Number of protein chains: 2
Amino acid sequence: MKIATWNVNSIRIRLEQVIDWLSKNPVDVLCLQEIKVVDAEFPRSPFEQLGYHLYLSGQKSYNGVALISRQPLVDVSNGFTAFLPKLQPEWDEQKRVITGVIDKIRIVNLYVPNGAAVGTEKYEYKLRWLKVLREYLQLLLLSQPAICVCGDFNIALEAKDIHEQVSTNNHIMASELERQALRDILTLGFADAFRKFTTEGGHYSWWDYRAAAFRRNLGWRIDHHYLTPVLYERAKSCIIDVAPRKLTQPSDHVPVIVEF
Amino acid sequence: MKIATWNVNSIRIRLEQVIDWLSKNPVDVLCLQEIKVVDAEFPRSPFEQLGYHLYLSGQKSYNGVALISRQPLVDVSNGFTAFLPKLQPEWDEQKRVITGVIDKIRIVNLYVPNGAAVGTEKYEYKLRWLKVLREYLQLLLLSQPAICVCGDFNIALEAKDIHEQVSTNNHIMASELERQALRDILTLGFADAFRKFTTEGGHYSWWDYRAAAFRRNLGWRIDHHYLTPVLYERAKSCIIDVAPRKLTQPSDHVPVIVEF
DNA sequence: GAAGTGGTGG
DNA sequence: CCACCACTTC
C-alpha cells in the first residue's frame, strides 16, 4: 500500500501534471493540498477514468484538500468538528482537514496554516490550529491504532530539513514555538516515516518559486507522513519524488510517497 | 514585396507564434496591432535576429502598433499629429497609428477603435476617430501616390464579410455610420486589395474567442489593406492565412498578406 | 514567482 | 473567452 502527499498549488492549473504523475505512480491513496477550488468545480473525471474515488473538501481561491483513492474509503469526514463537535465551527471554514479509512488504516490529510511570519496574527492562528489538531488526533487515536497523518505541515522540524543560509531560529516554518507544537503532537505516538529510512539532511519537498530556489536547491522538507507505531513498523520506504519540480509550470511542492 | 497585417492581441503572449509565422512567411513588412506593451518592453531581439527593423508605438495594457520591416523604413512617424500638428494631442494618447515609407510606398498601420456598442461613448469616439483618420490620409495623399493603409479596422463593409446569424444593421463593426465613415475615407482614392482577387463571401480575419466562434466559423473580415490606384494595379495577391487561429492560445485575428 | 480574486476591454 | 490591471497569499 502506497500513500502519497502532494501540495499541488491549484488542481486546475496542475491537472495534467498530476494525472500524468498518477498514471506512472499508481499509488493507493493520493492526498492533495491547496486544490484551490470548490468541490463542484474539481476536475473529477480524469481521476475517475484512472479508476480512483474522490473525497473533496475544497474552497474558493485558498486551501482545500482531497483524498484520491483506488479503493473506496470508509468513515470519510471533513474538518476538525467531525470528531470535535464542541469546537467552534469557524475552525472548519478554511478547508484544511480530510480523513478516511482504508484497510483499517486511517489517513489524515492536512494542510497546516502557513503562518506568514513569526509574530503575526497568522502565526498565532497557526499555533492555535496546531493545538486543535493535537486534540483532534488524540481523539482519533482512541479508536484507531493505525493512523497515517500526512500533508503539508509548513514546518521543518530539524536544521537538516532546511537548506543552509536561513536564520533557522525565528523563520516561519522553523520557529521554536511551531516546532514545539508539532513535537507535542508527535509525542501522542507518531513518528516520521521519512526518517526511518534516511538520516542525512539535504532532502527537501518544497522550494520557493522565488530567487531560483529550486535551481540552487534552497529547499525545505515540510511535507510529511507521521505514523503510529504499528504502521511505522510496517513502513517499507518513504521517497521524495523531485521530478515534477523540474517540469515547466510546476507546483512548488513535490510528492512524498510512503509504502507499507 | 509582401506586406502583412496582424492583430496579435499581446505580443508578449504571442511572441513565439509570431516569430514562428514570420520565419515561415518572411514578408517585407509586418504590421502588428494590439501589441499591448510599452516600447521599452517590446521583445525586440527575436525579430532582429531574423534580420528585421522595428518601429514601435506601444502603450501599457491596450492598443499599440508596430512596423516590422526587413529593410529600414524612412519617414517613420507615430500618431495623427505628425501630419496634423494642429490636432489636439489627446488624439494620440491611444497608440493606434504608425507609418513609414519603403521603396516610395507609404505604409500606414492602424488599429481602429472597437467602439464597444452602437450608441455608446466609445462608438462616438470611433466615428470621430475615423473623421480624423480621413483628414490624416487626405494629407498623406498630397505627397505620396503609393499608399497602403492596413490594419485592424474593426469594420466589415459588406454583409458577405460577416457570417450570417448577426443582426447586421446596428451591430458594432457593421453599423451604417461606421461603414459610411469608412466609405468616406475610401472615396479619397483607396480600394480593398482583398476584393481585387476574391469576390465571394465567407472569408474572415477575426473570430470572437467566445461561443466557439472559430470552430463554428462565425467570423468577420475586419482586417484590411486599402491601396491607392498605383498600388492596387500592382497588387498580385491578397491572402488570409487562417492557420495561426488553429494553434493553442491563438490571437483572435489572423494575418492578411498583400503582395505587389 | 506563481497561484488566486474581481475588474475592464475586446 | 482571453488579454490586461492591481491586489492578496504563500
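As a basis for the values below, the full set of heavy atoms in this structure was taken, side chains included, without hydrogen atoms, waters or symmetry mates. Residue numbering restarts at 1 for every chain, and letters A, B, ... go by the order of the sequence lines. What you are looking at is a predicted structure, and each value in this text was computed from that prediction instead of being measured.
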* Sugar-phosphate or base contact per nucleotide [nucleotides 5-10 of chain D; S, B, -; heavy atom under 4.0 Å] -> SS--SS

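Test A:W21, A:F42, A:Y52 against A:F47 for ring pair (Phe, Tyr, Trp, His ring centres under 6.0 Å) and you get one pass: A:F42.
At least one donor-acceptor pair under 3.5 Å links the side chain of A:Q59 to the backbone N or O of A:K95. In this structure, B:S10 contributes its side chain and B:I13 its backbone to a donor-acceptor pair below 3.5 Å.
The shortest distance between the side-chain N/O atoms of A:S251 and the OP1/OP2 oxygens of C:dA3 is not below 4.0 Å. Contact between the side-chain N/O atoms of A:Q59 and the OP1/OP2 oxygens of C:dG4 is not found at any separation under 4.0 Å. Dashed line: the shortest gap from a side-chain N or O of A:Q249 to OP1 or OP2 of C:dG1 is not under 4.0 Å. Close to D:dA3, at under 4.0 Å from its OP1 or OP2, lies a side-chain N or O of B:R14.
Rounded to an integer number of Å, the gap from B:L218 CG to D:dC1 P is 14 Å. C:dG10 atom P lies 15 Å from atom CD1 of B:I155, rounded to whole Å. With rounding to whole Å, B:M173 atom CE is found 13 Å from C:dG9 atom C1'. Distance CH2 (A:W206) to C1' (C:dA3): 14 Å, rounded to an integer number of Å. Regarding A:W6, its CH2 atom lies at a distance of 13 Å from the P atom of C:dA3, rounded to whole Å. Going from atom CG of B:N7 over to atom P of D:dC2 covers 15 Å, rounded to whole Å. Taking atom CZ of A:R215 as the reference point, atom P of C:dG1 lies 12 Å away to the nearest angstrom. For B:R245 and D:dC1, the CZ to P distance is 12 Å, given to the nearest whole Å.
Residues B:T120 and B:Y125 form no side-chain contact, since every pair of their non-hydrogen atoms from C-beta on lies 4.5 Å or further apart.
The residues B:R216 and B:D208 are annotated as not salt-bridged, no charged nitrogen and carboxylate oxygen being separated by less than 4.0 angstrom. Ion pair B:E176/B:R183 flagged as a salt bridge, since at least one NZ, NE, NH1 or NH2 atom sits closer than 4.0 Å to an Asp/Glu carboxylate oxygen. In summary, B:R128 and B:E90 do not engage in a salt bridge, as defined by a charged side-chain N under 4.0 Å from a carboxylate O.
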